[in-house]
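Remarks on the structure that follows.
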Amino acid sequence: MILIINNFLRMEEPIIKHYSKIIFIPLFIFINQSLQAQDIMRGNFWKKQVLSDVLEPWTEFAQDKEFGSFHAILDKDWKVGGKQEKYPGMIARHLFSYALGYHMTGDENYLGLAQETFEYLINKGWDHQYGGWFYKLDRSGNAVSKEKDMFMNAYAITGMAMYYIVTRNEEVRHYLDQSIDIMENHAWDHENGGGYFRRLHRDFRIQDSNKVFSPQLAPVSGYLLYLYAATREEKYLLKTEQLLEMTLTRMNDKESGWIMEGFDRNWNSLEQMNEMMNTGHNVEVAWMLMRLYAITGKGHYSEQALRLNEQLLKYAFDGKTGIWYHKLQIDNPEQHSEDSPWWVQAYGNMFQLYLYALSDEKEYCRNFTTGATFWNNNFIDRQNGGAYLSVDKDGNYINGSKAVVTKTSYHSVENGFLNMLYLDYWVNEQPATLYYHMNSADTDKLFPLLLEDFNYEIKRVRIDGRIWKKIDPDHGSIQLPERENYTLEVVLQKKQPR
């Protein structure tokens, strides 16, 4: 590259003028693309994206400064629209984001925003009579839809789980455990092959007994695998296996091989919901299966994951542009939508990087860099911040909204956080620094890495700035002190073979 530029600059001036229009602009584009490909393979690139392109504009533009929490409807320019209703399950996604902001940086401002979000959720979003999370609030925080939607409930748990992981706060753990109990004791179908019902009445009577994709799998990707990595409590792993085994048995279309979207209480297909394959959901299943394989070593999980991945790469991923198409026709997968929503693109990219991190197969690296370049060039709004909701295959945004009912800061933050860890820890084998702020006298062991690798090296621990030496190197754990309200900084790295 440098030799090409030097040779070009040594040309005589008339020749340079003659060729500049032909050569220089394509050469500049090529150089820029090469530099960007180098950048996106560094964890710090993704950390900066989380902080500058996602959390900074969300913090500045999305907060409801009059009534608290966050606006649910925001256009491309962050202007508030709609009825300004609020959804506790989606607000909890911001709790997840700000907890991770602190986890990545140790910046107390993020922790303060997480605490404010938690307090709002408990004061406004939690049903203090029956328990569980209201579905919808008005702008001032009054419950206007009091049913318990299991999609929203799962993401309320997701936010609680990450905030608990970072703080070990006992009040957070209380609501976390109660929310999971509602999923298991009220929403789980114990009689018809398992699965979570779609929606419950306020008092937990069944309102909608259908079993749709998100309540079944959002627990795995949203909180179960994170909680298992952080606590090593077997119940989280067992539930993960139960849900993924159920997915492979009940939700897998035997003819096409795709994971389907909707079923009734007895697991009969809801045909109208299953005409199209959702790429993001199939990527999510493959990613979860591969993560479960990394923990358990059970080969049939990786076999199913790689089978799904092969189909996804064939029909849903454009290797030239990098776009992950949103939906495919079940009976004719060559027919697909022309768009990609932000979360589908993020999941597709993360999964390819995960496969590369575990296998070192160059094809997965190429898929990631192509897809991540498409993400960075076309989804991230460089002028106003945040990510567009959806774009077409040419990179033009179709819907530029920064927030809708189901779009928050969550997917963009998780995308950057996991890309950072996958690259720093696995691919580049560099030290990763993570932060905790312990708000309780929890003396249980801390397992600091939220990845499916439990054989890491803890290089250094500081508590309130001072070196802490109570480390178990064989099990990757830190013995916490018998006190509360302290900061903890952990530097860890992948173990090198001896």
Side chains of Asn399 and Tyr388: is there a donor and an acceptor less than 3.5 Å apart?
no
Hey, is OH on Tyr397 packed in by over 12 heavy atoms from elsewhere, all under 6.0 Å?
no
Do Tyr301 and Glu245 get their side chains close enough for a donor-acceptor pair, meaning under 3.5 Å?
yes
What closest approach, in Å, do Ala316 and Thr279 show between heavy atoms, and which atom pair accounts for it?
CB-OG1, 3.5 Å
Between Phe374 and Thr321 the two heavy atoms that sit nearest each other are CD1-O, 3.3 Å
Just checking, is any N or O donor in the side chain of His94 or Ser409 under 3.5 Å from an acceptor N or O on the other one?
yes
May I ask you to decide if Phe197's main-chain N or O and Asp208's side chain share a donor-acceptor pair within less than 3.5 Å?
no
Around atom CZ of Phe447, are there more than 12 heavy atoms from other residues, nucleotides or ligands closer than 6.0 Å?
yes
For the pair His201 (side chain) and Lys146 (backbone), establish whether a donor and an acceptor sit closer than 3.5 Å, ignoring hydrogens and angles.
no
Evaluate the side-chain hydrogen bond (donor to acceptor under 3.5 Å, both in side chains) criterion for residues Gln49 and Asn376: first the C-alpha distance (whole Å), next the side-chain angles of each, then the deciding distance (0.1 Å), finally the verdict.
CA-CA 9 Å; Gln49 183 170 108; Asn376 290 317; 2.7 Å; yes
Describe, in one word, how the ring planes of Trp287 and Tyr354 are oriented to each other, choosing from parallel (under 30°), tilted (30 to 60°) and perpendicular (over 60°).
perpendicular
Between Tyr422 and Trp426, what is the ring plane arrangement, given parallel below 30°, perpendicular above 60°, and tilted in between?
tilted
Apply the test side chain to side chain contact (heavy atoms under 4.5 Å, CB included) to residues Leu121 and Met160: give CA-CA distance (whole Å), side-chain angles for both, the deciding distance (0.1 Å), then the verdict.
CA-CA 10 Å; Leu121 284 168; Met160 293 289 149; 3.9 Å; yes
Between Arg250 (side chain) and Gly195 (backbone), is there a donor-acceptor pair under 3.5 Å?
no
Just how far is it from atom CD of Glu363 to atom SG of Cys365, taken to the nearest 0.5 Å?
11.0 Å
Is there a side-chain contact between Glu338 and Asp394 in this structure, where contact means two heavy atoms from C-beta onward sitting under 4.5 Å apart?
no
Ser302 (side chain) donor-acceptor with Gly299 (main chain) under 3.5 angstrom
yes
Any side-chain donor paired with an acceptor under 3.5 Å for Tyr226 and Glu414?
yes
Could you tell me whether Trp343 and His281 have their ring centroids closer than 6.0 angstrom?
yes
Using the six-membered ring wherever Trp is involved, compare the ring planes of Phe151 and Tyr155 and label them parallel, tilted or perpendicular (cut-offs 30° and 60°).
perpendicular
Stepwise salt bridge (Lys or Arg N to Asp or Glu O under 4.0 Å) check, Lys235 with Glu233
CA-CA 6 Å; Lys235 62 183 179 181; Glu233 292 185 40; 3.6 Å; yes
Working note: Asp318 + Lys393, criterion salt bridge (Lys or Arg N to Asp or Glu O under 4.0 Å); need CA distance, chi angles, decisive distance, verdict.
CA-CA 9 Å; Asp318 186 333; Lys393 62 182 180 180; over 6 Å; no
For residues Ile73 and Val404, report the shortest heavy-atom separation together with the two atoms involved.
CD1-CA, 3.9 Å
Using only heavy-atom distances, determine whether the side chains of Gln84 and Asp138 contain a donor-acceptor pair under 3.5 Å.
no
Is a donor from one side chain sitting under 3.5 angstrom from an acceptor on the other, for Gln178 and His174?
yes
Would you sort out whether Asn268 and Asn266 count as a side-chain hydrogen bond (donor to acceptor under 3.5 Å, both in side chains), showing the intermediate values?
CA-CA 6 Å; Asn268 299 307; Asn266 297 308; 5.9 Å; no
Carboxylate-amine/guanidinium proximity below 4.0 Å for Lys298 and Glu241
yes
Verify the distance criterion only: is there a donor paired with an acceptor across the side chains of Glu171 and Tyr164 at less than 3.5 Å?
no
Can a donor-acceptor pair be found, under 3.5 Å and without considering hydrogens, that links the side chain of Lys148 to the backbone of Leu200?
no
Sole residue of Asp53, Asp381, Asp77, Asp75 in salt bridge (Lys or Arg N to Asp or Glu O under 4.0 Å) with Lys402:
Asp381
Could you walk me through whether Glu66 and Arg139 pass the salt bridge (Lys or Arg N to Asp or Glu O under 4.0 Å) test, one step at a time?
CA-CA 9 Å; Glu66 184 176 357; Arg139 186 185 177 191; 3.7 Å; yes
Residues pairing under salt bridge (charged side-chain N to carboxylate O under 4.0 Å, His left out) where one sits in residues 251-266, two or more places apart or in two chains, turn out to be Asp189-Arg265
Ring-face cation of Arg173 near Tyr175 (centre distance under 6.0 Å, axis angle within 45°)
no
Using only heavy-atom distances, determine whether the side chains of Gln115 and Tyr163 contain a donor-acceptor pair under 3.5 Å.
yes
Evaluate side-chain hydrogen bond (donor to acceptor under 3.5 Å, both in side chains) for Gln335 paired with Tyr315, printing each intermediate quantity in order.
CA-CA 9 Å; Gln335 297 297 314; Tyr315 296 113; over 6 Å; no
For the backbone of Pro448 and the side chain of Tyr436, can you confirm whether one donor and one acceptor N or O come within less than 3.5 Å of each other?
yes
Return the orientation label for the Tyr98 and Phe70 ring planes: parallel under 30°, perpendicular over 60°, tilted otherwise.
parallel
Donor-acceptor under 3.5 Å (Gln329 side chain, Glu334 main chain)
no
Can you see which heavy atom on Ser179 is nearest to which on Ile157, and at what distance?
CB-CG1, 3.4 Å
Is the backbone of Thr59 close enough, under 3.5 Å, to the side chain of Gln63 for a donor and an acceptor to pair up by distance?
yes
Please test His336 against Met277 for side chain to side chain contact (heavy atoms under 4.5 Å, CB included), starting from the C-alpha separation and ending with a verdict.
CA-CA 9 Å; His336 54 73; Met277 182 280 282; over 6 Å; no
Taking Thr408 for the side chain and Arg93 for the main chain, is one N or O donor matched with an acceptor at less than 3.5 Å?
no
Any donor-acceptor N or O pair under 3.5 Å, side chains Asn153, Asp149:
no
Output the distance between atom OG (Ser269) and atom CE (Met260), rounded to the nearest 0.5 Å.
8.0 Å
If you measure only the distance, is there a donor-acceptor pair under 3.5 Å linking the side chains of Arg202 and Tyr130?
no
Any donor-acceptor N/O pair, Trp46 side chain to Ile40 backbone, under 3.5 Å:
yes
For the residue pair Trp324 and Phe317, categorise the inter-ring angle as parallel (less than 30°), tilted (30 to 60°) or perpendicular (more than 60°).
tilted
Tell me whether the count of non-hydrogen atoms from other residues, nucleotides or ligands lying under 6.0 Å of CD in Glu119 goes above 12.
yes
Quiz item: cation-pi between Lys239 and Trp188, 6.0 Å / 45°:
yes
If we count only N and O atoms by modelled type, under 3.5 Å, do the side chains of Trp58 and Ser97 hold a donor and an acceptor together?
no
When the ring planes of Tyr435 and Tyr102 are compared, do they come out parallel, tilted or perpendicular, using 30° and 60° as the limits?
perpendicular
What are the two closest non-hydrogen atoms of Tyr120 and Gly141, and how far apart are they?
OH-CA, 3.6 Å
What are the two closest non-hydrogen atoms of Gly371 and Gln345, and how far apart are they?
O-NE2, 3.2 Å
Using the benzene-type ring in the case of Trp, are the ring centres of Tyr347 and His411 under 6.0 Å apart?
yes
Flag the pair Glu60 and Lys65 as a salt bridge only when some basic side-chain nitrogen lies within less than 4.0 angstrom of an acidic carboxylate oxygen.
no
